[in-house]
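Step one of this worksheet: look at the structure below.
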Amino acid sequence: MQVILLRFLETKTIERLGSTITIHANARVIAATHVNLEEAVKEGRFREDLYYRLNVLPLDVPNLQSRGSEDIQRIANYYLDRYTKENDLKKKKFSSAALKLMGQNHWSGNIRELINRVCNAAIMSDSMIITAKNMGLDRREDERRLMPLEEAKSRAEKAAILNALR
């Protein structure tokens, strides 16, 4: 497949399967991968000439974890607006707690997980306000999971002191 793609990129022509007619095409190619192509070239799993042909303008798109909370909120709002318009649903908004927890979530499924949860919440929420619970972001679990050790210690100490004073 790499040979066929390289030939297309060099000649700007294709031949349909089973045909002998050459078709000229004026196209631009945008390629994306989760594979480290430099390593794949070194290991011989990816053609070096194809790598340099595709790597004209490399863009590194950061995952959701490395983005700030504001970016995640903007992305979520964009997909909520888009989904409600495409499906003729009433306009909905996220609660402030939902927005806060979205910014703190791990998002292991990256953008696809965020979009899936937004669309699901838009459908399943009876209210005009989408809550953290609608998004599947349980506040108590997230606070426990995200609390640093020092903060947990200081909270426990404070609770013990207040108990002793009572």
Can you list everything that forms a salt bridge (Lys or Arg N to Asp or Glu O under 4.0 Å) with [X]? Sequence neighbours excluded, please.
X   : value
E38 : none
R45 : E43
D71 : R67, R74
K85 : none

Any side-chain to backbone donor/acceptor pair from [X] onto [Y]? Under 3.5 Å, distance only.
X    : Y    : result
S125 : A122 : no
K92  : A121 : no
R117 : G136 : yes
N105 : L101 : no
N134 : T131 : yes
N110 : L64  : yes
T11  : R7   : yes

Is it the case that over 12 heavy atoms from other parts of the model lie below 6.0 angstrom from the CG atom of L149?
yes

Decide if atom CD of E15 counts as having more than 12 heavy atoms of other residues, nucleotides or ligands within a radius under 6.0 Å.
yes

Which side-chain N or O atoms in residues 156-166 pair as donor and acceptor under 3.5 Å with protein atoms at least two apart or in another chain?
unit_1 : atom_1 : unit_2 : atom_2 : d
N163   : OD1    : R166   : NH1    : 3.3

Drop me the distance from [X]'s [atom1] to [Y]'s [atom2], to the nearest 0.5 angstrom.
X    : Y    : atom1 : atom2 : value
S95  : K100 : OG    : NZ    : 11.5 Å
R53  : E10  : CZ    : CD    : 5.0 Å
K12  : H24  : NZ    : NE2   : 12.5 Å
S127 : K93  : OG    : NZ    : 12.0 Å
L50  : F8   : CG    : CZ    : 12.0 Å
I75  : L80  : CD1   : CG    : 13.5 Å

Can you name the closest pair of heavy atoms from G103 and S69 and give their distance?
CA-OG, 3.4 Å

For M102 and W107, which heavy atoms make the closest approach, and how far apart are they?
O-NE1, 2.8 Å

How does the hydrophobic cluster around L89 look, that is, which other residues are in it when side-chain heavy atoms under 4.5 Å mark a link?
Y83, I123, M124

When you group the ILVMFWY residues by side-chain heavy-atom contacts below 4.5 Å and let the links chain together, are [Y] and [X] in the same group?
X    : Y   : value
V3   : L5  : no
I129 : L99 : no
I30  : I4  : no
Y52  : V41 : yes
F46  : V29 : yes

Under the criterion side-chain contact (heavy atoms from CB on, under 4.5 Å), I'd like the reasoning laid out for I130 against V118: C-alpha separation, chi angles, the key distance, then a yes or no.
CA-CA 9 Å; I130 295 175; V118 166; 6.0 Å; no

